[in-house]
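Notes to accompany the following structure.
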Amino acid sequence: MLGNFGFDTLVEKMSRRVAGRTSRRGALGRLGTVLAGVALVPLLPVDRRGRVSRANAATPAAGTDPRAKFVPQDTDIQSCDYWRHCSIDGNICDCSGGSLTNCPPGTKLASASWVASCYNPTDGQSYLIAYRDCCGQNVSGRCACLNTEGELPVYRPEFANDIIWCFGAEDDAMTYHCTISPIVGKAS
């Protein structure tokens, strides 16, 4: 049986063995690497599919093939099939006090965006749309859409709509609220 003396001796021998095989610099270096890695985790893009359920996404009209391509319309801005929303994945800001080009009051515009080429049925032209997230408030939950026209995988982030882009918003406002869809120019 180990008494106080035996236990102390065992702990001392193990401590000396560990101290002889490691250095403070090495331990501090590994600790610094772990802390830096943990600090960078919030900067990673986040998959938005958990926020907007596919059940709330736009559904095709009755009698149409659900696998049919996106059919744009140009009358109802708050509808998921409005022509500018051909690749939107989120909530339309027009339903939350914003517009197609402006964030609602109390939110901030993310500096990054993803782009898509959307067809305008009125003039028969295609336009580049720069989808930008409005951040800083909880998800609006209004006009949730999931359109994937022209979407590419996440390893091409400029064409991936599954990323929450609020990591680039001012004042660390990283909470997603809604998405605007301004026109950048004509697609060629």
Quiz prompt | Between Q73 and D81, a side-chain donor and acceptor under 3.5 Å | solution = yes
Self-check item: Student check: side-chain heavy atoms of S181 and L100 closer than 4.5 Å
Solution: yes
Quiz item: Taking C-beta and beyond as the side chain, do C134 and I180 meet within less than 4.5 Å on heavy atoms?
Solution: yes
Exercise. Rounded to the nearest 0.5 Å, what's the gap from CZ on R132 to SG on C135? Could you check?
Key: 10.0 Å
Quiz prompt | Under 2.5 Å between SG of C80 and C145 | solution = yes
Quiz item: Taking side chain as C-beta onward, heavy atoms only, is L128 less than 4.5 Å from S117?
Solution: yes
Quiz prompt | Donor-acceptor contact below 3.5 Å, side chain H85 vs main chain I77 | solution = yes
Quiz item: Quick one: does R84's side chain get under 4.5 Å of I183's, heavy atoms only?
Solution: yes
Quiz item: Under 4.5 Å between any side-chain heavy atoms of Q137 and T107, yes or no?
Solution: yes
Practice problem: Compare every heavy atom of R142 with every heavy atom of C95, then report the nearest pair and how far apart it is. | Solution: O-CD, 3.2 Å
Quiz item: Can you find a side-chain donor-acceptor pair between D133 and T179 that sits under 3.5 Å?
Solution: yes
Quiz prompt | N120 versus Y127, closest heavy-atom pair with distance | solution = CB-CE1, 3.8 Å
Self-check item: Nearest-0.5 Å distance, CH2 of residue W83 to CG of residue D76
Solution: 15.0 Å
Self-check item: Distance in Å, I92 CD1 paired with S99 OG, rounded so as to fall on 0.5 Å steps
Solution: 12.0 Å
Exercise. Decide yes or no for Y131 and C86: does some side-chain heavy atom of the first lie under 4.5 Å from some side-chain heavy atom of the second?
Key: yes
Self-check item: Side chain proximity check, Y176 to N91, heavy atoms < 4.5 angstrom
Solution: yes
Quiz item: Quick check: are the SG atoms of C178 and C93 less than 2.5 Å apart?
Solution: yes
